[in-house]
Amino acid sequence: MRLSKAFIPTLKEIPSDAVIPSHQLMLRAGLMRQLTAGVYAFLPLGYRAMLKATQIVREEMNAIGGQEFHLPALNPESLWIQTGRRNIPNFILSVKERDLVLAPTHEEVIAWIAAMHIQSYKDLPQIWYQIQTKFRNEPRPRSGVLRGRQFVMKDSYTLDTSYDGLDIGYDSHAQAYRNIFTRCGLKFFVVGASSGAMGGTGSQEFMVESESGEDTVVLCPKCGYAANLEVAASGIAKVSRAGDNKPLEEIHTPNVKTIDELAAFLKVDHTRLAKSLVYRHNGKPLLILMTGNDQLNESKLGAALGGGEFRAMEAEELKSLTGADGGSIGPVGLKGFRIIADERLEGANNLISGANRNDYHLGNLDLIRDTTIDGYFDLRTVETGETCTTCASPLKIANAIELGHIFKLGTKYSEALNASYLDENGQSKPVVMGSYGIGIERIIACAIEQSRDANGIIWDKALAPYQIHLIAINMSNKDIVLASNEIYRLLNEAALETLFDERANVSPGFKFKDADLLGMPIQVIVGEKGLKNNQVEIKVRRTGERSMIAREELLSTLKAMLSA
RNA sequence: CGGGGUGUGGCGCAGCCUGGCUAGCGCACCUGCCUUGGGCGCAGGGGGUCGCAGGUUCGAAUCCUGUCACCCCGACCA
């Protein structure tokens, strides 16, 4: 492509709306433009990178036996009502004029097709996938393409007769995903994840560590343990049980509101304090006991409660229900509450909790003697520096971007939409499904987040819109014009994707800055000095390394560099 | 949805508090000359209903009311 003819609108200045590096660079390098909040138009250069990514994904999906579909974005609303997903908050965008919705994902359509055509165990297993645009009603799009209302997703679905079959499909996806992200040149890791409202029995996320990421993950640098903070565990010690069990006593604690104040006031360790959090679960009062300042993890709470709605209780509600304020609530003598506790507190005694009376706490609390705990669960949020459950090394907490997510779905959608098959015994059974997604724009954004410098993007050759950026230093010099055009012809004949900066009246500095901003892996620079010696210059974008090469050796050198 | 911020040529911004001459600056763009190894120089030029709608006023980019859009923090995130 000749740059003088190309539509690649680069920006010298950073658009004020862009905050994270990938967003800034995608705009500056002319990859895309924002149309409205969370919706981007991909321009030719950006689309080329997207096509590179989708092709890699497609090849790896085909390699595990995936069959590509082209599915409708417009879906009948009724389909989503059948699976109960029509009314998930902030999920579906709908069409005003018809009872149609814009598909946010395709479990429903896949199950509908399966219901119609999968009849026998002989028809299974299947791997079906598509690479298409999805729509979601994001309340707050942000971070460029990382969280949009419209995005391209590869989603695939496994259809199996059994959970053993599902495991095979799931594992093959896990391997395909590793291949995909490795080929894209990304440094990624896999974490255990929450299945959330998708339902299902297991899930993992493929993550790229990034300050701009919206997910938080716990990592063990030593043994490789990695989990989403929503499900991560640590080896933090349980609260000990003391031998001598003293009787309950009421302690006057005037104006003590927080756990820190209480620990300071009583001069005791945080682990002796049982903090009470008050929620409503499906409308019913729920008391949650946590150790000291341990933070309740609402994802874990949701899992422990096994579904249903829950929310923290309002201050007035709490006061009217217990007669005390938030800082003085405790498990003893509390009527009408279900009580659960973090497993750190299991069987603990000599604790201090609120007395359900303002300005008083209870000492020498023994959870076994004095309370009825309805269950102990892992409810706490892991904190940095706590030890790894596997190898006892200190854990690290990092932000990350979710590139892909794989789920063992089970039969939720196949049951809702009657996707069933007859087994060997003529019994009708629901198809066992798995669901697997990859965000294509996120691949691009992560690649840029992970590989850039002050001057611009540094593309890996796998995703680079062009492999080579050919620069003619001075188009008023006939020798340079002849030589660079000849080189351009040569590279095209050799099928090396080349962007040729043959703009006249553009200074060398401008061309170099543009080339670094656009970030193609190799720059070939045709200048006066080199030509005198029948040489051209090669610059490696990533390292900045430059070398002079004899013109006859250019093609072979480039081929060697690009196949390395 | 709660909090904060911003809307002024294509981009980045100033002007607004304290209303008043012709709405300004940098970049980009057009023409000519010039220059060619890190975002050249000189000269000339085009382009803006100041987000939108009301209101106050002799007079509104500026003050008031409403509204819309976008960004950030939080909540949410299948």
Side-chain angles (χ1 to χ4, degrees), chain A residues 9-20 23-24 27-28 30 33-39 80 83-93 101 103-108 134-144 146-149 151 153 155 193-200 203 205 212-216 228 230 298-299 302 309 311-312 401-402 405 407 409 412-413 435 437 439 454-456 471-481 501-518 523 525-531 536-537 539 544 546 548:
Chain A
T10 59
L11 302 171
K12 200 185 296 188
E13 290 174 290
I14 299 172
S16 57
D17 279 351
V19 175
I20 69 168
H23 188 192
Q24 294 175 346
L27 293 172
R28 286 191 57 213
R33 287 293 181 267
Q34 178 174 320
L35 181 60
T36 184
V39 179
W80 292 83
T83 57
R85 292 212 285 181
R86 177 62 187 94
N87 293 320
I88 292 175
N90 304 326
F91 188 42
I92 289 181
L93 284 168
V101 300
T105 172
H106 277 80
E107 280 83 5
E108 275 75 358
K134 305 290 155 96
F135 303 86
R136 294 203 185 166
N137 186 17
E138 284 297 341
R140 180 153 97 81
R142 68 186 98 167
S143 304
L146 288 184
R147 188 178 256 322
R149 293 205 168 112
F151 52 92
M153 187 166 122
D155 51 326
S194 155
S195 335
M198 285 288 282
S203 95
E205 291 166 328
S212 308
E214 296 181 344
D215 285 272
T216 310
N228 195 302
E230 292 175 353
E298 291 204 344
S299 299
E309 288 176 40
R311 61 173 175 87
I401 297 166
E402 178 189 344
H405 201 159
F407 282 100
L409 273 186
K412 177 174 172 179
Y413 299 97
S435 154
N455 294 318
I471 299 171
I473 287 287
N474 177 2
M475 290 302 282
S476 58
N477 178 319
K478 288 214 168 53
D479 293 336
I480 293 180
V481 172
D501 192 347
E502 29 66 287
R503 290 175 295 182
N505 299 318
V506 174
S507 70
F510 202 98
K511 292 186 176 184
F512 291 142
K513 288 289 186 187
D514 260 358
D516 285 349
L517 175 61
L518 298 184
Q523 295 172 17
I525 302 158
V526 182
E528 215 166 332
K529 295 172 202 161
L531 277 188
V536 293
E537 183 176 348
K539 175 183 163 185
R546 297 162 183 275
M548 297 302 292

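In what follows, chains carry the letters A, B, and so on, assigned in the order in which the sequence lines appear, proteins first and then strands, with residues in each chain numbered from 1.
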Q: Going by the rule salt bridge (charged side-chain N to carboxylate O under 4.0 Å, His left out), which residues pair with A:Glu402 if we only count those two or more places apart in sequence or in a different chain?
A: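 In terms of salt bridge (charged side-chain N to carboxylate O under 4.0 Å, His left out), with neighbours along the sequence ignored, A:Glu402 is linked to no residue.
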Q: If the P atom of B:rA28 is compared with that of B:rC73, how far apart are they to the nearest Å?
A: 32 Å
Q: Return whichever of A:Ile14 or A:Asp516 has its heavy-atom-nearest nucleotide of RNA chain B closer to the 5' end.
A: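 The residue closer to the strand's 5' end, by nearest nucleotide, is A:Ile14.
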Q: Have a look at A:Glu298 and say if it touches a base, only the backbone sugar-phosphate, or nothing, with a 4.0 Å heavy-atom cut-off.
A: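 Sugar-phosphate contact only.
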Q: In whole Å, what separates the P atom of B:rU31 from that of B:rG46?
A: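 After rounding to an integer number of Å, I get 15 Å for this pair.
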Q: Distance check, P atoms only: B:rG3 and B:rG15, in whole angstrom units.
A: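 Per the computed distance, 27 Å lies between those P atoms.
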Q: Which value, in whole Å, describes the distance between the C1' atoms of nucleotides B:rC17 and B:rC11?
A: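 To the nearest whole Å, 28 Å.
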Q: Can you tell me the distance, in whole Å, between the CG atom of A:Asp479 and the C1' atom of B:rU36?
A: 15 Å
Q: Which residues satisfy the salt bridge (charged side-chain N to carboxylate O under 4.0 Å, His left out) test with A:Arg86, sequence neighbours excluded?
A: A:Glu77
Q: Restricting to salt bridge (charged side-chain N to carboxylate O under 4.0 Å, His left out), what partner residues turn up for A:Lys513, sequence neighbours left out?
A: none
Q: Keeping the roles fixed (side chain from A:Arg28, backbone from A:Leu11), state whether a donor-acceptor pair exists under 3.5 Å.
A: yes
Q: Could you check which nucleotide pairs with B:rC11 in any of the strands shown, counting Watson-Crick or G-U wobble with both distances under 3.5 Å?
A: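 B:rG26 - that is the nucleotide pairing with B:rC11, both distances being under 3.5 Å.
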Q: Rounded to whole angstroms, how far apart are CG on A:Leu11 and P on B:rG12?
A: 8 Å
Q: According to the Watson-Crick and G-U wobble definitions, with both distances under 3.5 Å, which nucleotide is paired to B:rC1?
A: B:rG74
Q: Using both distances under 3.5 Å as the test, list the Watson-Crick or G-U wobble partner of B:rA61, or none.
A: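 Across any shown strand, B:rA61 pairs with none.
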Q: Do A:Glu528 and B:rG37 share a donor-acceptor pair, side chain to base, under 3.5 Å?
A: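 A donor-acceptor contact between them is absent.
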Q: Rounded to the nearest Å, what distance is computed from the CG atom of residue A:Asn477 to the C1' atom of nucleotide B:rG37?
A: 13 Å
Q: Please determine, for the side chain of A:Ile473, which listed nucleotide (B:rG37, B:rC40, B:rG39) has the closest atom?
A: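 For the A:Ile473 side chain, the nearest candidate turns out to be B:rG37.
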Q: What is the nucleic acid contact for A:Ile92, judged by heavy atoms within less than 4.0 Å: base, sugar-phosphate only, or nothing?
A: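 Nothing, no heavy atom under 4.0 Å.
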Q: Find the distance A:Asn474:CG to B:rC40:P and express it as a whole number of Å.
A: 14 Å
Q: Map A:Glu214 and A:Ala504 onto RNA chain B by nearest heavy atom, then report which one ends up closer to the 5' terminus.
A: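 Between the two, 5'-proximity favours A:Ala504.
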Q: Between atom NZ in A:Lys513 and atom P in B:rG37, what is the gap in whole Å?
A: 15 Å
Q: Could you state the CG-P distance from A:Asp501 to B:rG39, rounded to the nearest angstrom?
A: 15 Å
Q: Which atoms of nucleotides 25-34 of chain B (N or O only) lie under 3.5 Å from a protein N or O atom, and what are those distances?
A:
{"from": "B:rG26", "atom 1": "N2", "to": "A:Glu13", "atom 2": "OE1", "distance (Å)": "2.9"}

Q: With both distances under 3.5 angstrom, what nucleotide forms a Watson-Crick or G-U wobble pair with B:rA69?
A: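 WC or wobble partner is B:rU6.
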Q: Take atom CG of A:Leu27 and atom C1' of B:rG10, then tell me their distance rounded to the nearest Å.
A: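 Rounded to the whole Å, the gap is 14 Å.
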Q: The criterion is side-chain contact (heavy atoms from CB on, under 4.5 Å); which residues satisfy it with A:Asn474, sequence neighbours excluded?
A: A:Ser476, A:Asn477, A:Ile480
Q: With sugar-phosphate meaning primed atoms plus P, OP1 and OP2, does A:Lys134 contact a base, only sugar-phosphate, or nothing at under 4.0 Å between heavy atoms?
A: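 Counting heavy atoms under 4.0 Å across all strands, no contact is made by A:Lys134.
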Q: What integer number of Å spans the C1' atoms of B:rU62 and B:rU8?
A: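 11 Å, rounded to whole Å.
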Q: How long is the line joining CG of A:Asn90 and P of B:rC76, in whole Å?
A: 11 Å
Q: Taking N or O atoms only and anything under 3.5 Å, show me the protein contacts with nucleotides 70-72 of chain B, one pair per line.
A:
{"from": "B:rC70", "atom 1": "OP1", "to": "A:Thr36", "atom 2": "OG1", "distance (Å)": "2.6"}
{"from": "B:rC70", "atom 1": "OP1", "to": "A:Ala37", "atom 2": "N", "distance (Å)": "3.1"}
{"from": "B:rC70", "atom 1": "O3'", "to": "A:Gln34", "atom 2": "NE2", "distance (Å)": "3.2"}
{"from": "B:rC70", "atom 1": "O2'", "to": "A:Asp17", "atom 2": "OD2", "distance (Å)": "3.0"}
{"from": "B:rC71", "atom 1": "OP1", "to": "A:Gln34", "atom 2": "NE2", "distance (Å)": "3.4"}

Q: Which residues satisfy the ring pair (Phe, Tyr, Trp, His ring centres under 6.0 Å) test with A:His23, sequence neighbours excluded?
A: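 With sequence neighbours excluded, A:His23 shows a ring pair (Phe, Tyr, Trp, His ring centres under 6.0 Å) to A:Tyr40, given in chain and number order.
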Q: Among all residues two or more places apart in sequence or in another chain, which pass the salt bridge (charged side-chain N to carboxylate O under 4.0 Å, His left out) test with A:Arg149?
A: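 Applying salt bridge (charged side-chain N to carboxylate O under 4.0 Å, His left out) to A:Arg149 gives none.
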Q: Restricting to side-chain hydrogen bond (donor to acceptor under 3.5 Å, both in side chains), what partner residues turn up for A:Ser212, sequence neighbours left out?
A: A:Glu449
Q: So which protein N/O to nucleotides 3-7 of chain B N/O distances come out below 3.5 Å?
A:
none

Q: Contact class for A:Pro9 (heavy atom, under 4.0 Å): base, sugar-phosphate, or nothing?
A: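 No contact.
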Q: A:Asp17 and A:Gln34: side-chain donor and acceptor closer than 3.5 Å?
A: no
Q: For atom C1', what is the distance between B:rU22 and B:rC29, given to the nearest Å?
A: 23 Å
Q: Looking at residues at least two apart in the chain, or sitting in another chain, which of them share a side-chain contact (heavy atoms from CB on, under 4.5 Å) with A:Pro139?
A: A:Asn90
Q: Can you name the nearest heavy-atom pair linking A:Gly530 to A:Met548, along with the distance?
A: CA-CE, 3.6 Å
Q: Please give the distance between the C1' atoms of B:rG51 and B:rC40 as a whole number of Å.
A: 38 Å
Q: Under the rule for side-chain contact (heavy atoms from CB on, under 4.5 Å), what residues qualify as partners of A:Arg503, not counting sequence neighbours?
A: A:Leu3, A:Ser4, A:Asp501, A:Val506, A:Phe510, A:Lys511, A:Asp514
Q: Have a look at A:Arg503 and say if it touches a base, only the backbone sugar-phosphate, or nothing, with a 4.0 Å heavy-atom cut-off.
A: nothing
Q: Quantified in whole Å, what is the C1' atom distance between nucleotide B:rG7 and nucleotide B:rA61?
A: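 Straight-line distance between the two C1' atoms is 11 Å.
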Q: How many angstroms lie between CZ in A:Phe135 and CE in A:Met153, if you round to the nearest 0.5 Å?
A: 12.5 Å
Q: Taking atom types as they are modelled, would you say the side chain of A:Asp514 forms a donor-acceptor pair with the base of B:rG39 within the 3.5 Å cutoff?
A: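 Present.
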Q: Kindly give the heavy-atom pair with the smallest separation between A:Glu138 and A:Gly148, and that separation in Å.
A: CG-O, 3.3 Å
